[in-house]
A.B. asks: 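Please read through the structure below; I'll follow up with questions.
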Amino acid sequence: MASAIQCRDLRKTYDGKVEAVRGLNLEIEAGECFGLLGPNGAGKTTTIEILEGLLAPTSGQVTILGQNWKENERELREVMGISLQETRLSEKLTVLETIKLFSGFYRQPRAPLEVLEQMQLSEKANSWVGKLSGGQRQRLAVATALVGNPKILFLDEPTTGLDPQSRRQLWDIIRRFQQAGGTVLLTTHYMDEAERLCDRLAIVDHGQVIAEGTPADLIERLGGHHMVEFQVSVHSNSDTAAWRALPGVESVRHDNGLVCLNVREPHLTIPALLDAVEKEGEHLLHLTTRQASLEDVFVRLTGRHLRED
Amino acid sequence: MTVAQPTRTIPAPPRNGRWSGFRHLLMARLLELKREPEVIFWVFGFPVLLALGLGIAFRNKPADVTPVAIVAGPGAEDALSLLQRSPRGSSIRAAVMVEPEALQGFRLGKYDLVVVPDGKDGFQYRYDPARPESVLSRAEVDDALQTAAGRKDPVPTSAVASSEPGSRYIDFLIPGLLGMNLMNSGMWGIGFALVDMRQRKLLKRFVGTPMRRSDFLLALTSSRLVLMLIEIVLLLGFGVLAFHMRVLGSVFTILLLATIGAVAFGGLGLLTASRAQKLESVSGLMNLVMMPMWIFSGVFFSSERFPAMLQPLIKLLPLTALNDALRATILQGASLGAQSGRLLVLLLWGGISFALALRWFRWT
């Protein structure tokens with residue numbers, strides 16, 4: 001299948017010192033929703049802005065729909081829509097005026113009212129942008145990206161700072177764009193967003209891709225679908241080896257006094273765990289099991305939580 | 001027989017032409033300006049208020065009366081009666097008093113001159129060479145005393161008072177205010193707006209669309225030109241109606257000059273704002289660029305007052321060129337051709353700063 005976005009050995013160094021991106025490779029297929037997942041400062045925004053043609057890479061190649069930014073900038077701009085991490089649109093224009101302004105830049109835009117309808121902003125059409133809520137502003141930002149009828153949508157942290165309902169609304173919009181044949185590249189530091197929305201993911205840390213695949217694939221590859229977390233009465237930190245030896249345990253990690261086990265078959269592990277605790281004469285203060293998430297994958301890969309700043 | 005089927009035509013998708021982006025940007029910019037009450041005040045209200053205030057403060061008053069103190073002593077009464085007898089007596093108000101009182105009043109500016117009789121039919125003048133009215137009153141009092149004492153002037157002269165529209169302070173002021181306002185709105189309106197949009201990442205967002213960058217700058221400049229038109233009409237109209245100012249030059253020439261001036265300052269604003277990331281830093285830069293022109297370019301008083309050595313430099317400032325050109329056109333009806341030097345100065349400033357700005361400009 002033709003790749004919509006491709007980059008090879010992308011590097012970006014700011015002021016000859018700060019290496020924001022260090023040899024990053026991506027290949028995103030047409031019709032895919034692809035996520036860049038990583039903590040703040042991992043180089044996600046730099047990467048997406050290079051792919052959007054807003055930032056020149058220090059070295060490396062970028063190909064969008066088989067074309068490159070140097071030779072085909074204007075053509076590429078016609079077929080892509082972007083939403084930056086933070087754009088403050090003019091507060092004293094109305095929602096409709098803002099969409100009309102953006103539609104004016106494209107050769108064949110969509111009808112502004114239709115886009116507003118789709119973004120559930122119709123009743124706000126004549127309100128000033130300054131009067132919108134955070135969720136409405138973010139939907140408007142995405143609307144300005146969609147009004148040009150793009151083939152590729154770039155979204156940089158589209159749901160950061162939004163309430164759960166607004167996030168879900170945006171997810172719906174993104175999914176519908178994808179179902180209509182569009183390609184999406186988004187960055188996020190929310191695990192649930194990446195898991196629900198993306199067909200494939202790249203986990204980015206320190207300017208490099210440290211893992212890539214479908215969400216389920218990544219979780220599977222990195223040891224077990226289940227997590228067992230517990231706390232025992234005494235000195236639980238010391239016996240990592242003992243916990244690791246329990247049947248079905250893939251890895252052990254300590255997190256704030258909690259012991260977290262990556263587990264393939266919880267029905268084997270949990271009885272053995274209870275036996276072991278009893279034999280030591282300790283008792284459990286806490287026990288939970290849950291599905292493993294990308295957060296676990298990330299912690300496993302980097303030893304850090306995603307939202308640690 | 002066939003029945004014509006009603007055909008449903010699917011509306012063709014809208015297609016935007018070459019100038020669609022420019023049109024939309026200009027419209028949006030004008031809408032924004034219209035909704036900004038500060039803009040309305042600074043662009044329209046402020047210059048008119050300033051003209052009104054200064055016009056009233058410096059309105060033409062009836063001829064001043066010169067207050068003079070005469071120090072009491074022998075000969076003091078003679079001086080007083082000579083002054084009262086003189087044909088100029090009506091413009092001199094003299095009083096006799098003891099020396100300390102006279103000197104004290106002189107120091108406080110109550111008297112412009114102190115006349116001290118020397119006791120031998122002569123008088124000594126005490127005046128302050130740094131105070132123009134003091135110098136003036138010395139000449140006037142001396143003249144009055146000498147004529148009253150019987151001096152015969154070898155050449156008969158006469159004077160006619162003249163304060164025609166065209167030579168008053170308000171006439172001088174309004175073209176200067178117009179020039180200053182063109183500078184202010186060009187620099188702030190373009191420079192400040194750009195840095196604000198850059199700070200808000202709006203410039204970056206625009207660059208992410210197929211928008212032509214030149215269209216954007218053109219639309220920003222054009223929006224200022226629209227404001228400028230209204231501004232000129234308002235300020236000149238105000239001068240004509242409130243102060244009976246006479247506009248001698250053609251309206252076309254005035255508009256053309258103002259357009260060239262606005263574009264020149266737009267370029268300068270663009271250059272000043274080409275890289276600044278923060279509003280605070282661009283404010284400092286703007287003031288730095290504009291400060292010399294506020295002082296030297298003859299807005300409130302003639303730039304001719306500065307030393308001759310500085311004149312060539314002052315004449316090269318764009319605001320001096322614009323102010324001089326506007327005054328010559330409005331007050332003296334000078335044609336464009338007669339001002340080619342000033343036009344050249346403006347065009348060079350505008351052209352060079354536009355060229356540099358486009359090279360250095362940062363969209364992100």
Side-chain angles (χ1 to χ4, degrees), chain A residues 45-46 48-49 51-56 69 72-94 96-114 128-130 140-141 144-150 152-156, chain B residues 10-40 192-220 222-223 275 277-279 361-364:
Chain A
T45 296
T46 305
I48 200 169
E49 288 192 352
L51 298 178
E52 288 163 349
L54 292 177
L55 208 60
W69 281 112
N72 313 93
E73 168 152 10
R74 207 182 139 76
E75 290 314 306
L76 284 177
R77 296 258 172 249
E78 292 278 354
V79 296
M80 52 178 272
I82 70 176
S83 160
L84 299 171
Q85 202 176 109
E86 198 191 332
T87 302
R88 299 207 317 277
L89 296 163
S90 299
E91 306 222 318
K92 292 191 171 163
L93 291 181
T94 68
L96 185 58
E97 285 160 359
T98 304
I99 288 295
K100 281 189 173 162
L101 169 62
F102 276 87
S103 81
F105 299 144
Y106 295 86
R107 248 178 252 144
Q108 266 180 305
R110 293 172 56 188
L113 282 171
E114 177 211 345
W128 285 12
V129 172
L140 177 59
T144 63
L146 288 177
V147 76
N149 203 10
I152 305 180
L153 195 56
F154 291 88
L155 304 169
D156 195 359
Chain B
I10 299 158
R15 270 195 87 95
N16 281 327
R18 161 68 184 89
W19 291 103
S20 153
F22 171 78
R23 236 181 33 240
H24 281 88
L25 282 164
L26 181 60
M27 280 289 296
R29 192 74 203 131
L30 287 176
L31 277 173
E32 264 187 278
L33 288 173
K34 202 181 83 184
R35 290 169 188 171
E36 204 78 63
E38 303 93 286
V39 170
I40 305 294
F192 214 68
L194 273 177
V195 177
D196 180 47
M197 286 193 229
R198 186 183 289 132
Q199 203 175 9
R200 280 156 49 200
K201 304 255 178 87
L202 193 55
L203 282 188
K204 196 188 219 178
R205 180 65 190 85
F206 280 153
V207 172
T209 71
M211 179 193 80
R212 285 166 211 265
R213 297 172 187 204
S214 53
D215 280 6
F216 175 81
L217 297 177
L218 203 61
L220 197 61
S222 308
S223 71
R275 313 217 99 181
Q277 295 286 343
K278 292 225 169 79
L279 286 180
F361 199 80
R362 261 207 197 141
W363 291 88
T364 54

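Everything numeric here is computed off the predicted structure, so don't read it as measured data.
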A.B. asks: Using the six-membered ring wherever Trp is involved, compare the ring planes of A:Phe102 and B:Phe206 and label them parallel, tilted or perpendicular (cut-offs 30° and 60°).
C.D. replies: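 Because their plane-to-plane angle lies in the 30° to 60° range, the rings of A:Phe102 and B:Phe206 count as tilted.
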
A.B. asks: Using a strict threshold of under 4.0 Å (side-chain N to carboxylate O), is an ion pair present between A:Glu97 and B:Lys34?
C.D. replies: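 No salt bridge links B:Lys34 with A:Glu97.
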
A.B. asks: Looking at A:Arg77 and B:Val207, what are the two nearest heavy atoms and their distance?
C.D. replies: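 Shortest heavy-atom contact: NE-O, 3.0 Å.
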
A.B. asks: If we ignore hydrogens and angles and just use 3.5 Å, is the side chain of A:Thr87 paired with the main-chain N or O of B:Leu202 as donor and acceptor?
C.D. replies: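 Answer holds: no.
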
A.B. asks: Starting at NE2 of B:His24, measure out to OG1 of A:Thr98 and round the result to the nearest 0.5 Å.
C.D. replies: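 Result: 12.0 Å between the selected atoms.
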
A.B. asks: Can you list the steps and then say if A:Glu49 with B:Lys204 is a salt bridge (Lys or Arg N to Asp or Glu O under 4.0 Å)?
C.D. replies: CA-CA 10 Å; A:Glu49 288 192 352; B:Lys204 196 188 219 178; 2.7 Å; yes

A.B. asks: Is it the backbone or the side chain of A:Glu75 that comes under 4.5 Å from a heavy atom of chain B, or both, or neither?
C.D. replies: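 Interface part for A:Glu75: neither.
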
A.B. asks: I'd like to know if the side chain of B:Arg200 and the backbone of A:Arg88 have a donor-acceptor N/O pair within less than 3.5 Å.
C.D. replies: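 Checked: pair present.
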
A.B. asks: Roughly how far, to the nearest 0.5 Å, is the CG atom of A:Leu89 from the NZ atom of B:Lys201?
C.D. replies: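 One gets 12.5 Å once the value is rounded to the nearest 0.5 Å.
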
A.B. asks: Side chains of B:Arg205 and A:Thr144 only: does a donor on one sit below 3.5 Å from an acceptor on the other?
C.D. replies: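 There is such a pair between these side chains.
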
A.B. asks: Around atom CD of B:Glu36, are there more than 12 heavy atoms from other residues, nucleotides or ligands closer than 6.0 Å?
C.D. replies: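 Atom CD in B:Glu36 is crowded, with more than 12 foreign heavy atoms closer than 6.0 Å.
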
A.B. asks: Output yes when a side-chain donor or acceptor of B:Arg35 lies under 3.5 Å from a complementary backbone atom of A:Glu91, and no otherwise.
C.D. replies: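 It does not hold such a pair.
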
A.B. asks: Could you please spell out the steps behind the salt bridge (Lys or Arg N to Asp or Glu O under 4.0 Å) verdict for A:Glu73 and B:Arg213?
C.D. replies: CA-CA 13 Å; A:Glu73 168 152 10; B:Arg213 297 172 187 204; 3.7 Å; yes

A.B. asks: Provide the closest heavy-atom pair for B:Ser20 versus A:Gly104 in the form atom of the first, atom of the second, distance.
C.D. replies: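 Of all heavy-atom pairs spanning B:Ser20 and A:Gly104, the closest is OG-O, 2.6 Å.
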
A.B. asks: Count the heavy atoms belonging to other residues, nucleotides or ligands that lie under 6.0 Å from NZ of A:Lys100, then report whether that count exceeds 12.
C.D. replies: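 No, because the 6.0 Å sphere around NZ of A:Lys100 holds 12 heavy atoms or fewer from other groups.
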
A.B. asks: Kindly write out the residues that satisfy salt bridge (charged side-chain N to carboxylate O under 4.0 Å, His left out) with B:Arg362, not counting sequence neighbours, or none if the list is empty.
C.D. replies: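 Partners of B:Arg362 under the salt bridge (charged side-chain N to carboxylate O under 4.0 Å, His left out) test: none.
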
A.B. asks: Non-hydrogen atoms of chain A under 4.5 Å away: do they reach the side chain of B:Thr209, the backbone, both or neither?
C.D. replies: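 Looking at B:Thr209, backbone and side chain both touch chain A.
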
A.B. asks: Supply the atom-to-atom distance B:Arg15 CZ to A:Tyr106 OH, rounded to the nearest 0.5 angstrom.
C.D. replies: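 With rounding to 0.5 Å, CZ (B:Arg15) is 15.5 Å from OH (A:Tyr106).
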
A.B. asks: Test your reading of the model: is there a side-chain donor-acceptor pair from A:Arg74 to the backbone of B:Pro210, 3.5 Å cut-off?
C.D. replies: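 Side chain of A:Arg74 to backbone of B:Pro210: a pair is present.
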
A.B. asks: What residue in B:Arg23, B:Arg212, B:Gln199, B:Met197 has the most heavy-atom pairs under 4.5 Å with chain A?
C.D. replies: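 Highest number of pairs under 4.5 Å: B:Arg212.
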
A.B. asks: Please check: side-chain N/O of B:Asn16 versus main-chain N/O of A:Pro109, any donor-acceptor pairing under 3.5 Å?
C.D. replies: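 No, B:Asn16 side chain to A:Pro109 backbone: no donor-acceptor pair under 3.5 Å.
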
A.B. asks: Drop me the distance from A:Phe105's CZ to B:Phe22's CZ, to the nearest 0.5 angstrom.
C.D. replies: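 Rounded to the nearest 0.5 Å, the CZ-CZ separation comes out at 12.0 Å.
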
